[in-house]
Structures are given as structure tokens and as C-alpha cells.
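See below for the structure under consideration.
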There are 2 protein chains.
Amino acid sequence: MHSSATSNPTCNLCLFAPFCTSEEEILHTGRQASLAVKQYRKLNRNEVLCLPNNKFQNLYAIQKGTLKTYQVEADGRELIREFYFAGEILGYEAIYTGHYPFSAVAISETLICEIPYANFLKLLHSKPALQRRILYLISRQLNIGSYLVSTTAEQRLAAFLIELATRLHPAETRYAFLLPMSRQDIGNYLRLSAETISRVFSRLQKNKMILIDHKKINLLQPDKLKQVADGLWTSNKGNTVK
Amino acid sequence: MHSSATSNPTCNLCLFAPFCTSEEEILHTGRQASLAVKQYRKLNRNEVLCLPNNKFQNLYAIQKGTLKTYQVEADGRELIREFYFAGEILGYEAIYTGHYPFSAVAISETLICEIPYANFLKLLHSKPALQRRILYLISRQLNIGSYLVSTTAEQRLAAFLIELATRLHPAETRYAFLLPMSRQDIGNYLRLSAETISRVFSRLQKNKMILIDHKKINLLQPDKLKQVADGLWTSNKGNTVK
DNA sequence: CGTCCCGTTGACACATCTCAATCTCAGTGG
DNA sequence: CCACTGAGATTGAGATGTGTCAACGGGACG
């Protein structure tokens, strides 16, 4: 365990750190400080954070780990709305609906911090700089996943990988990383079958754009991947330039 | 022309009406009041509001009419990111990127109001109720179009039609309306070809769920359409229940 | 009244899905 | 330490929904 909230590298980047009840305070007192703007909680793999129609009360800052939000279709298929990584905030959608419009589940061991929405509003109002910053981050949410509009499987997966490289580690882009989610999860997010994800991975590897070994992935040529994402390249029928 | 800003029915619902320079003030003085929080502007069909990489300065409130935002793919295809109708606010995405990440074009005669972002921030800070309301509306944006994750053409189009019924007229749902956009535009938004849109319209009409005559559309059975959207019904192979 | 754009419909091509078999790897217990 | 097990990943073959290309038809508008 970390000795204090701010000793966690992600916390250093967190907007709410100044208003946060430290982990050690929680651990030592054995109870959560009721006045805390932010509270610490641990989720194991596959543990549920919230369910559809749960009443909206908190936003959640992810300190470490990964979550997915999803809804289940009538036919039983799971449609992933978004992944959330360390440093990101989950729950903005619920401000409008009044309840969480999805299930949120940890896909790896995850640490989250609760931000009661009432406190969130108070803080925003008292700190203009924080308000600007939060609008900036919500605006970012509106831009995330805009590549889902792309048509081909290759385009979407390539764009997804590039985005992962920028989102997986806060304030830093790394082109070699561990995929936190399964092929099935990626498919449920990109609206492709797990088999298609697997096949496209194989194609991209054959073209030397990536190296992939189970969860370990290395984006060898991010620039070329970007071209694939933009539809400038395709390897569907041998490596042909359009 | 209207005699004042608040005489326009949409203005009555607008959050910024209290801080707005009235139309008649603008018309009578012949120049736009520089201190105005909100300014009036008219766009003809196909007139451009902003282009990709234009510097972000204003949010735009739509007073009347319809706009689309889109980006052009490498292969020349136009991908529509969102439609905007009367009472909605365009431009949140640009807060993050610092420039508009899309083209915005009127698809019918449209009246818009400019909200300089600096003024927007000041207003939000001085009016906590306005701040809450704006967060509420941005949250709504995060939920709009969530049905784009659906797999089949029928599901996406049915969900689109239902959403249109609720968004087309502020604070009121109407199941008979005029489609403001072309089949091509709908296809560019739902990631389907114009031909597919046409075919699905025909199928839905054959099943008595809608009446469609060029731009005029009537959602005869919104509840059944909702079931189609949710994947509970399909008419792909004759009208079969799954 | 003619032109042109938009929408409709048909035939065929193709990307992705579905179903299925096989394989690897991690975890578990003997 | 090894065998067993189950979940996830890979790969193949056939099915299918949607895209593409094309022809046709009908309003809207000048």
C-alpha cells in the first residue's frame, strides 16, 4: 500500500488531490472521513462499481487500474460504451439521466475515489480554475472514441490502439503496453467479433506494424498505424496502397 | 422578423436569454453590442459555421433550424459526428482541442447565437444554477447517439428516428415531423449507405411502423420502433420475432 | 417545360459474423 | 511435478448483411 494519497503517481495529476482525504488517514482511522471530497476504494477484477438504474450520487476518479462501462442488449450481447483508465473520471453521463445508464465493472485490480456530486458542484463553483479544467476534461470525453465512426475493422482497431497508447498512462504516451482487456471486450467496444479482432491483429503483425503476444503489444510503427486509422492504408487484400 | 429575442419560442427555453442582446437591439443599432453575451446570426442552407482547425472562441446556441458537424475521410466520404437542433448548443468538443475538430454547416435556414467562451465561463461562475444546468446539458451530449453502437441498420435507424422525435422540437415530443436532412446525411451519420437508409425506410413502412413520403415522416408505432431499436424485433427476413 | 438532384430499387461483390475445431496458457488439485 | 480443466485466442469455412454500381423515376426549381 502507498503511504499517502499523494504518493501515488496518479494522485499527483489528480485535480482533486488538494481536497482529498489521504489513504493513510482512512486506513489509520479505520473509517472514511465523512467530509472528504474524495474517498478511497478498491475493486477486484470483475467487481461491479455500479449497475444500470443505480441512483447517481458520485463521480469516480480512477486512481489505478481499468474499468469498462457497458449495457446488455436484448439478445444478450454486451456493448461496451467506454473504457476508463487511471487519471480519468467516470460518471458524467449520469448527471443528465439521474442514474447510471450502464454497468461499470473493473477489468483489473482497480483503485477508485468517490466524488459526491454535491461536493463536486461546490468545489467547481469555489475554484474557477478547477471549473475550467473540468470543462476541459468533459470536452475530452466528447472527443474520445470519435473514430468509432470509421467503417472498416482495421481502421477502428488501429485508431483504438493509438488512443490506448495515449490514455493508458496519464500524461505520457507509450507504444509498448499490456492490453488490460480481452479480445472479446475490444470487439464489444469496436462493434466487431472477437474473431475479427484476432484476425486483424494477425494482419497488422504480418505487416510489421505491431508485435503482439497475448496481452503484450508493441506499436512498432505508430505513424503507419495512424495512416491505417485514417484509411490511407489497408492490408485487407495483401498490402496495397489505396 | 421577431420583435425581440424572447419572442422567439426557443429563446424562452434558452439558458442565456437573460444575458442576451435582443435582436431588435442589434437590428436598430445596426451593429452588434460588443458586451453582449449572445449574438444573433443567420445561416442559409449549406452555409458554413466553422471549419476544421478554426480557432475555438465561441459556443453556438441554435435558435432555429438544424446544423450538422462532420469530418471528411481520406477517401472523401463525409462522416457526420452530430446533428444540432433548436435549443441545443454546439461546440463543447472544441473546449478540449482548442479548435473545432469538424466542419459545421447549416442544413436548413438556421438562426444561431454566439456565446464567447470567456463570457460563458464568467457567467457559469457567477450563476451556480446556470453551472448545474450546463453540466446537465453537456452530460446529455454524452448520452446522445449512444445507439450508434447497435449492430444492424434497422436498429440504428429506428433509434435515430425515436431520438429525432424527442430532439426536433424543444421540450416536446412529436412523432410526425419533417426530416431536416437527406438520406445521404442520415447514412453518413449512422454509417450506412444512402441506399440502405432507403431500403430500411421501405421495410419499416411495409411493416406499418412508419409512414414516409419524401421528407414527411410519421412514426405510427413508436413503441414497436423502440423494440426494433432494442433488437427485440427484426423484419429482415419477413416479420419474424426473434 | 426541361433540368437536375434526390430517392428508390435491383444485381452482384465483399467484409464481417457465425459456427466450429484446435491450441495455449493460467490455475488447481492430485 | 504433472495432469486436468476451463477460459481465452487463433484460424478456417460457409452464411449473410450491407456496400457498390447502375438504371430508373419523380419532385423541386428555375
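Every chain is numbered from 1, with letters handed out A, B, ... down the list of sequences. For clarity, every value in this text was computed on a predicted model and none was experimentally measured.
- Residue A:Arg156 is out of contact with every strand shown, counting any heavy-atom pair closer than 4.0 Å.
- The phosphate of C:dT9 (OP1 or OP2) has a side-chain N or O of B:Ser202 nearer than 4.0 angstrom.
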List, with names and distances, any nitrogen or oxygen atoms from the protein found under 3.5 Å away from nitrogen or oxygen atoms belonging to nucleotides 20-22 of chain D.
{"from": "D:dT20", "atom 1": "O4", "to": "B:Arg199", "atom 2": "NH2", "distance (Å)": "2.9"}
{"from": "D:dC21", "atom 1": "N4", "to": "B:Glu195", "atom 2": "OE2", "distance (Å)": "3.0"}

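- Side chain of A:Ser198, nearest nucleotide from C:dT16, D:dT18, D:dA9: D:dA9.
- Counting non-hydrogen atoms under 4.0 angstrom, A:Leu192 reaches the backbone sugars and phosphates but no base.
- Salt bridge status for B:Glu163 with B:Arg167: present, with a side-chain N to carboxylate O gap under 4.0 Å.
- Phosphate contact (OP1/OP2 of D:dA28, side-chain N/O of B:Lys215, threshold under 4.0 Å): absent.
- Ion pairing of A:Glu154 with A:Arg156 is absent here, as no side-chain N (NZ or NE/NH1/NH2) approaches a carboxylate O to less than 4.0 Å.
- Checked against A:Ile112 for a side-chain contact (heavy atoms from CB on, under 4.5 Å), the options A:Ile89, A:Leu90, A:Leu67 give a single hit: A:Leu67.
- B:Ser182 comes within 4.0 angstrom of sugar-phosphate atoms only, judged by non-hydrogen atoms across all strands, and of no base.
- Looking only at distances, a side-chain donor or acceptor of B:Glu88 sits under 3.5 Å from a matching main-chain atom of B:Phe85.
- At the phosphate of D:dA9, OP1 or OP2 sits under 4.0 Å from a side-chain N or O atom of A:Arg183.
- Helix-axis bend for the helix from C:dC1-D:dG30 to C:dG30-D:dC1: the local axis fitted to the five terminal pairs at one end deviates from that at the other end by 40°, rounded to 10°.
- Salt bridge annotation for A:Arg45-A:Glu47: absent, with no cationic side-chain nitrogen under 4.0 angstrom from a carboxylate oxygen.
- Note on B:Glu78 versus B:Lys68: salt bridge recorded, some NZ/NE/NH1/NH2 to OD/OE distance being below 4.0 Å.
- Within the 3.5 Å criterion, the main-chain N or O of B:Thr152 finds no donor-acceptor partner in the side chain of B:Ser150.
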